[in-house]
Participant: 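Okay, here's the structure, questions in a sec.
Labels below follow one simple rule: chain letters A, B, ... track the order of the sequence lines, proteins then strands, and each chain is numbered from 1.
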Amino acid sequence: MPLKLPRQPTRTRHPPRPGKPENPQSRGPTLYRALQQQLTETVRAILDASWHIQLTEIVLEQPPDLALGEFALPVAFELARRLRKAPRQIAAELAEKLAAALTPADGFLAFEAAGAGYINVRLDRARLAAALAAPVAESDATRPDSQSRSQSRTQSRILVEHTSINPNKAAHVGHLRNAILGDTLVRILRAAGHLVDVQNYIDNTGVQVADVIVGFLHLEGKTRAEIDALIAAGSSPSAREDRFDYLCWNLYARVSHWYTEGDADEQARRKSLRYQTLHAIEQGGNETALVADRVSTAILRLHLVTMQRLGITYDFLPRESEILHLHFWDRAFELLKASGVLYHETSGKNSGCWVMTRAGTSSTEASSAEDSSAGNAAADGEPAREQPSASDLPDTAAPDRSAPDPSAPDEDAKVIVRSNGTVTYVGKDIAYHLWKFGLLGVDFAYRRFFDYPDHTCWISSMDGESNTEGEASHPRFGGAAAIYNVIDSRQSDPQANVIQALRGMGHTEAADHYTHFSYEMVALTPRCAQELGYTLAEEDRSRPWIEVSGRKGFGVKADDLLDKLTAATRAEVDARQPDRSESERQRIATQIAIGALRYFMLKFTRGSVIAFDFRDALSFEGETGPYVQYTAVRARNIFRKAGITPEAALEAMLSNAATHPDAAAQPDAVTPDNALALLAEANDIWPIWLRAARRHQTLTSAISTAEPATLARHVFQLAQEFNNFYHKHHILTEEDPARKTLLLATAAIALRELTQLLDWLGVEVPEAM
RNA sequence: GGGCGAGUAGCUCAAUUGGAUAGAGCACCGGCCUUCUAAGCCGGGGGUUACAGGUUCGAUCCCUGUCUCGCCUACCA
């Protein structure tokens with residue numbers, strides 16, 4: 001499991017827990033969880049009392065058909081051999097014992113042996129629904145179980161790093177997947193009650209920025225004033241093709257090509273120019289560095305605006321320039337040497353370098369320990385930043401791989417400090433991550449950088465005397481108890497190295513709470529590539545997808561995609577809502593476009609490559625964001641037409657039930673006018689309520705598996721269930737008062753759930769569609 | 001060579017982490033707007049879960065081997 005944070009009960013596994021089960025009288029999803037726990041505890045007690053058997057976990061599932069019950073226990077299968085009895089017989093015996101222990105008064109209506117040996121459990125639907133319908137149940141979402149409550153009481157913070165686009169070109173679809181996954185992770189962590197800081201790491205002194213600077217200064221021979229003018233003209237997102245980040249997108253591609261042109265001498269000269277520029281930028285305090293700062297800052301602002309369109313915001317932007325100039329590395333270097341993680345290589349190809357044994361190498365204890373304790377995390381991947389793929393780099397050098405010699409130095413070791421004394425990317429990242437966990441002993445200075453309607457985003461700064469640098473009063477960043485790095489899977493190796501270093505330094509706690517939230521890249525389908533005007537090699541046409549390449553300028557820009565989506569949704573809205581005002585229609589179209597895009601990026605599990613295609617992304621039918629949004633709008637329209645609020649509908653059902661106080665205790669006594677009791681037979685309505693009850697379980701599962709797609713799927717299924725219900729039952733014309741009460745309350749629950757779940761995914765429900 | 005990931009319906013993807021008849025969407029075929037919005041609903045065809053063994057009461061899932069594909073494996077960042 002990638003998440004090693006506050007350990008929360010996940011899914012249906014129930015390890016033994018000390019103490020009493022929660023009060024089953026509590027509300028909504030809480031009641032559902034309490035019933036689950038009460039059930040597993042009782043099974044445990046019966047196994048112990050009857051056969052002296054202790055199982056480490058009691059598996060709780062859902063029957064394949066809701067009509068069979070709410071829970072299914074496969075425990076009899078596991079007991080069959082030990083008890084030398086047929087599973088079915090054991091199930092029958094257990095069901096009987098369970099029925100004696102858990103009565104309708106507890107909320108359990110029946111236990112039935114079924115299939116080859118399952119025990120199906122029926123709950124009191126009326127009671128569960130009443131708990132869900134009760135007001136205040138809402139706060140349940142932000143106040144999960146006792147463990148996370150105590151977690152937030154101690155104010156331990158989680159730090160999520162995402163986006164981290166190199167500030168040298170416009171954002172593209174791949175960056176959108178990162179930012180949307182990261183932002184959704186932030187939302188669901190907050191929904192679970194955690195305190196979360198959002199950081200966007202800015203590599204403003206890297207080779208990618210240097211390339212664009214080479215382009216401006218040497219390829220185009222621009223002066224700083226001319227570049228400033230381009231920035232001024234292209235810093236409005238509405239500048240479109242003049243946009244500065246778009247301009248740099250093209251320039252970056254041209255420079256990358258320029259490096260490969262000319263004869264060998266010329267190429268060497270250009271490459272040398274490249275590294276001179278890079279070093280000047282790293283060093284700072286010179287004209288080149290000043291230009292680079294202007295350029296990267298301008299592009300950064302445009303990235304923030306792009307992401308803001310999607311409802312994505314940040315709290316802090318740590319920059320590599322400050323990591324360099326505030327000497328984070330010097331401090332980290334001392335710590336690494338002192339702990340023995342780094343050693344000076346004196347022979348072999350890495351002679352003269354400070355190196356670290358690579359993560360996953362079997363010769364180290366640390367790595368084998370990690371394999372056993374955190375192996376899953378490594379496999380599931382950790383965070384990642386932008387990284388040029390090998391094929392992107394024009395000057396790829398084939399590593400010299402001679403036959404390994406056991407007596408030779410560790411040729412596979414990771415170089416952290418080069419023989420010329422400069423530090424590598426991983427080295428700087430180790431320093432940065434020591435800071436993240438508050439283990440470095442050095443801090444950034446901070447200043448305000450970007451204002452959102454509800455908060456300010458800060459940026460790292462030098463701790464200068466100048467009053468424009470470093471503001472004295474700033475929020476505290478860093479020193480997190482746990483971190484998530486949203487970085488694509490290609491960086492799992494460097495990420496593993498950082499974790500390895502932390503562990504090697506004895507920061508086991510930090511290493512255990514370091515999650516590389518990894519995901520596969522977004523590529524383009526061959527058809528999409530051709531649509532964009534790229535000519536493909538024969539072999540590429542038959543591939544399932546083609547990798548995007550910033551260096552080739554090959555990809556779909558984020559704002560272009562958003563514009564295209566908005567244009568498509570706007571056309572639909574114009575046709576469907578002709579009476580609404582221009583601004584209203586634009587607002588609705590924007591909300592739908594964002595819903596489509598965010599859902600599209602979230603519906604795939606992290607491990608699958610998204611082969612991007614406009615046809616799929618611009619689809620608004622089936623498993624899409626707009627489908628779910630439309631469902632919520634339908635539910636809302638019912639209340640508009642009915643002239644009551646969803647809250648009133650729920651209240652009506654509860655007060656109706658109040659006139660039937662025996663209903664919960666004696667569900668057999670169904671009277672025709674008892675709305676809640678009707679649920680007992682309503683197998684076409686019950687799925688909506690049951691799904692509402694499972695909300696928190698799904699949230700917890702999404703967090704523990706670090707898989708937002710789980711929630712996307714959950715809300716889609718709820719939408720399907722509601723649409724089914726909507727089609728089958730005509731609510732406003734229902735004549736039976738109790739039945740109408742139930743139908744309205746069901747619509748209210750569905751609307752509440754859809755709205756809440758979409759909010760967790762960063763999707764709004766439009767006024768109309 | 002080593003590490004990681006993937007292989008499931010024509011296509012794109014799921015599968016409660018070992019459970020009941022492997023499910024959705026798209027595409028295709030056929031139905032449903034005089035009723036709360038058809039961005040919707042219902043029905044249909046579609047599967048040797050890459051292959052071969054193994055463990056298990058039970059395997060898409062775990063183990064071994066094989067095949068195919070991708071990524072990573074730099075004194076780049």
Participant: Rounded off to whole Å, could you give me the CG-to-C1' distance for the Asp211(A) and C76(B) pair?
Facilitator: 10 Å
Participant: For Ser351(A), answer base if it contacts any base atom (sugar-phosphate contacts may also be present), sugar-phosphate if it contacts only those atoms, and nothing otherwise; contact means non-hydrogen atoms under 4.0 Å.
Facilitator: base
Participant: Using a 4.0 Å heavy-atom cut-off across all strands, classify Pro64(A) as base, sugar-phosphate, or nothing.
Facilitator: base
Participant: Between G25(B) and U8(B), how far is it from one C1' atom to the other, in whole Å?
Facilitator: 15 Å
Participant: Under 4.0 angstrom, heavy atoms only, what part of the nucleic acid is Pro63(A) near: base, sugar-phosphate, or nothing?
Facilitator: base
Participant: If we take the P atom in both U17(B) and G54(B), what is their distance in whole Å?
Facilitator: 27 Å
Participant: Any idea if U17(B) is syn or anti, going by the 90°-from-0 cut?
Facilitator: syn
Participant: Which is true for Ala768(A) with a 4.0 Å heavy-atom rule: it touches a base, it touches only sugar-phosphate, or it touches nothing?
Facilitator: base
Participant: Between U12(B) and A27(B), how far apart are the C1' atoms? Round to whole Å, please.
Facilitator: 11 Å
Participant: Salt bridge or not between Arg358(A) and Asp410(A)? Use side-chain N to carboxylate O under 4.0 Å.
Facilitator: no
Participant: Base, sugar-phosphate or nothing for Ile610(A)? Non-hydrogen atoms, less than 4.0 Å.
Facilitator: nothing
Participant: Who is the Watson-Crick or G-U wobble partner of C28(B), with both distances under 3.5 Å?
Facilitator: G44(B)
Participant: Asp493(A) has an atom CG; how far is it from atom C1' of U73(B), in whole Å?
Facilitator: 6 Å
Participant: Work out how far the C1' atom of C51(B) is from that of G7(B), and round it to whole angstrom.
Facilitator: 11 Å
Participant: With heavy atoms under 4.0 Å as the rule, sort His729(A) into base, sugar-phosphate or nothing.
Facilitator: base
Participant: Quick one: label Phe620(A) by what it contacts on the DNA or RNA (base, sugar-phosphate, nothing), any heavy atom closer than 4.0 Å.
Facilitator: base
Participant: Could you measure the distance from the CG atom of Leu60(A) to the CD1 atom of Ile119(A)? Nearest 0.5 Å is fine.
Facilitator: 10.5 Å
Participant: Counting only Watson-Crick pairs (N1-N3 plus N6-O4 or O6-N4) and G-U wobbles (N1-O2, O6-N3), all under 3.5 Å, who is the partner of A59(B)?
Facilitator: none
Participant: Under the criteria of a ring-centre distance below 5.5 Å and an interplanar angle below 30°, is His727(A) stacked with the base of C42(B)?
Facilitator: no
Participant: Find the distance Arg274(A):CZ to A77(B):C1' and express it as a whole number of Å.
Facilitator: 10 Å
Participant: NA contact type, Thr424(A), heavy-atom cut-off 4.0 Å: base, sugar-phosphate, or nothing?
Facilitator: sugar-phosphate
Participant: If the C1' atom of U60(B) is compared with that of G47(B), how far apart are they to the nearest Å?
Facilitator: 12 Å
Participant: Given U37(B), A20(B), C36(B), which nucleotide is nearest the side-chain atoms of Gln577(A)?
Facilitator: U37(B)
Participant: Thr705(A) side chain: which of U17(B), A39(B), A77(B) is closest?
Facilitator: U17(B)
Participant: Side chain of Arg81(A) only, please: which of C72(B), U56(B), C13(B) is the nearest?
Facilitator: U56(B)
Participant: Taking the minimum atom-to-atom distance to the side chain of Glu572(A), which one of A39(B), A77(B), G70(B) wins?
Facilitator: A39(B)
Participant: Using the C1' atom as the reference point in each nucleotide, state the distance between A52(B) and A74(B) in Å, no decimals.
Facilitator: 39 Å
Participant: To the nearest angstrom, how far is Asp410(A) atom CG from A74(B) atom P?
Facilitator: 11 Å
Participant: Nearest 0.5 Å, please: how far is OG1 in Thr424(A) from CD1 in Ile430(A)?
Facilitator: 7.5 Å
Participant: Distance check needed: G18(B) C1' versus Glu61(A) CD, whole Å only.
Facilitator: 9 Å
Participant: Would you call Glu735(A)-Lys740(A) a salt bridge at under 4.0 Å N-O?
Facilitator: no
Participant: Find out whether the Lys NZ or Arg CZ of Arg274(A) is both under 6.0 angstrom from the six-membered ring centre of Tyr259(A) and within 45° of the ring's axis.
Facilitator: yes
Participant: In whole Å, measure the gap between the P atoms of C69(B) and C76(B) for me.
Facilitator: 31 Å
Participant: Expressed as a whole number of Å, how far does the C1' atom of A50(B) sit from that of A6(B)?
Facilitator: 11 Å
Participant: Go through A20(B), A39(B), C75(B) for me and flag the one nearest to the Val415(A) side chain.
Facilitator: C75(B)
Participant: Flag the pair Glu767(A) and Arg580(A) as a salt bridge only when some basic side-chain nitrogen lies within less than 4.0 angstrom of an acidic carboxylate oxygen.
Facilitator: no
Participant: Between Arg490(A) and Glu547(A), does at least one N-O distance fall below 4.0 Å, as a salt bridge requires?
Facilitator: yes
Participant: How close or far is atom P of U12(B) from atom CZ of Phe614(A), stated in whole angstroms?
Facilitator: 19 Å
Participant: Is it the case that more than 12 heavy atoms not belonging to Gln89(A) sit under 6.0 Å from its CD atom?
Facilitator: yes
Participant: If you assign each of Tyr726(A) and Ile119(A) to its closest nucleotide in RNA chain B, which residue comes earlier from the 5' end?
Facilitator: Ile119(A)
Participant: Could you please name the option among C76(B), G40(B), A39(B) that lies closest to any side-chain atom of Val207(A)?
Facilitator: C76(B)
Participant: Please examine the side chains of Arg694(A) and Leu690(A), heavy atoms only from C-beta on, and report whether any two atoms are closer than 4.5 Å.
Facilitator: yes
Participant: Mind checking who U37(B) pairs with, Watson-Crick or G-U wobble, both distances under 3.5 Å?
Facilitator: none
Participant: Is Glu734(A) touching bases, backbone alone, or none of the nucleic acid, heavy atoms closer than 4.0 Å?
Facilitator: nothing
Participant: Once you apply a heavy-atom cut-off of 4.0 Å, does Asn724(A) come out as touching a base, just sugar-phosphate, or nothing?
Facilitator: sugar-phosphate
Participant: Using purine N1 to pyrimidine N3 plus N6-O4 or O6-N4 for Watson-Crick, or N1-O2 and O6-N3 for G-U wobble, both under 3.5 Å, which nucleotide pairs with C71(B)?
Facilitator: G3(B)
Participant: What nucleic acid atoms does Glu320(A) come within less than 4.0 Å of, heavy atoms only: base, sugar-phosphate, or nothing?
Facilitator: sugar-phosphate
Participant: Could Glu320(A) and Lys428(A) be called an ion pair, given the rule that one side-chain N must be under 4.0 Å from one carboxylate O?
Facilitator: yes
Participant: Using atom CZ of Arg634(A) as one end and atom P of U35(B) as the other, report the distance to the nearest whole Å.
Facilitator: 14 Å
Participant: For a quick check of understanding: with a heavy-atom distance under 4.0 Å over all strands, which category does Val573(A) fall into, base, sugar-phosphate or nothing?
Facilitator: base
Participant: Heavy atoms only, 4.0 Å cut-off, all strands: where does Ser419(A) land among base, sugar-phosphate and nothing?
Facilitator: base
Participant: At under 4.0 Å between heavy atoms, what does Tyr630(A) touch on the DNA or RNA strands: base, sugar-phosphate, or nothing?
Facilitator: base
Participant: Just the rounded figure in Å: distance from P of A77(B) to CD1 of Ile281(A).
Facilitator: 13 Å
Participant: Any side-chain donor paired with an acceptor under 3.5 Å for Gln717(A) and Arg691(A)?
Facilitator: yes
Participant: Using the side-chain heavy atoms of Lys641(A), tell me which of these nucleotides is nearest: C57(B), A77(B), C36(B).
Facilitator: C36(B)
Participant: Quick one: which of C13(B), C57(B), U37(B) gets closest to the side chain of Val633(A)?
Facilitator: U37(B)
Participant: Output a table of nitrogen or oxygen pairs between the protein and nucleotides 23-27 of chain B separated by less than 3.5 Å.
Facilitator:
residue, atom, partner, partner atom, Å
A24(B), O3', Gln720(A), NE2, 3.3
G25(B), OP1, Gln720(A), NE2, 3.4

Participant: Both Asn350(A) and Ile588(A) contact RNA chain B. Taking the nearest nucleotide for each, which residue is further toward the 5' end?
Facilitator: Ile588(A)
Participant: On the side chain of Asn120(A), is there an atom forming a donor-acceptor pair with the base of A20(B) - under 3.5 Å, no angle test?
Facilitator: yes
Participant: Report yes if the side chains of Phe600(A) and Ile610(A) come closer than 4.5 Å at any heavy-atom pair, otherwise no.
Facilitator: yes
Participant: From C75(B), A77(B), A39(B), pick the nucleotide closest to the side chain of Cys353(A)?
Facilitator: C75(B)
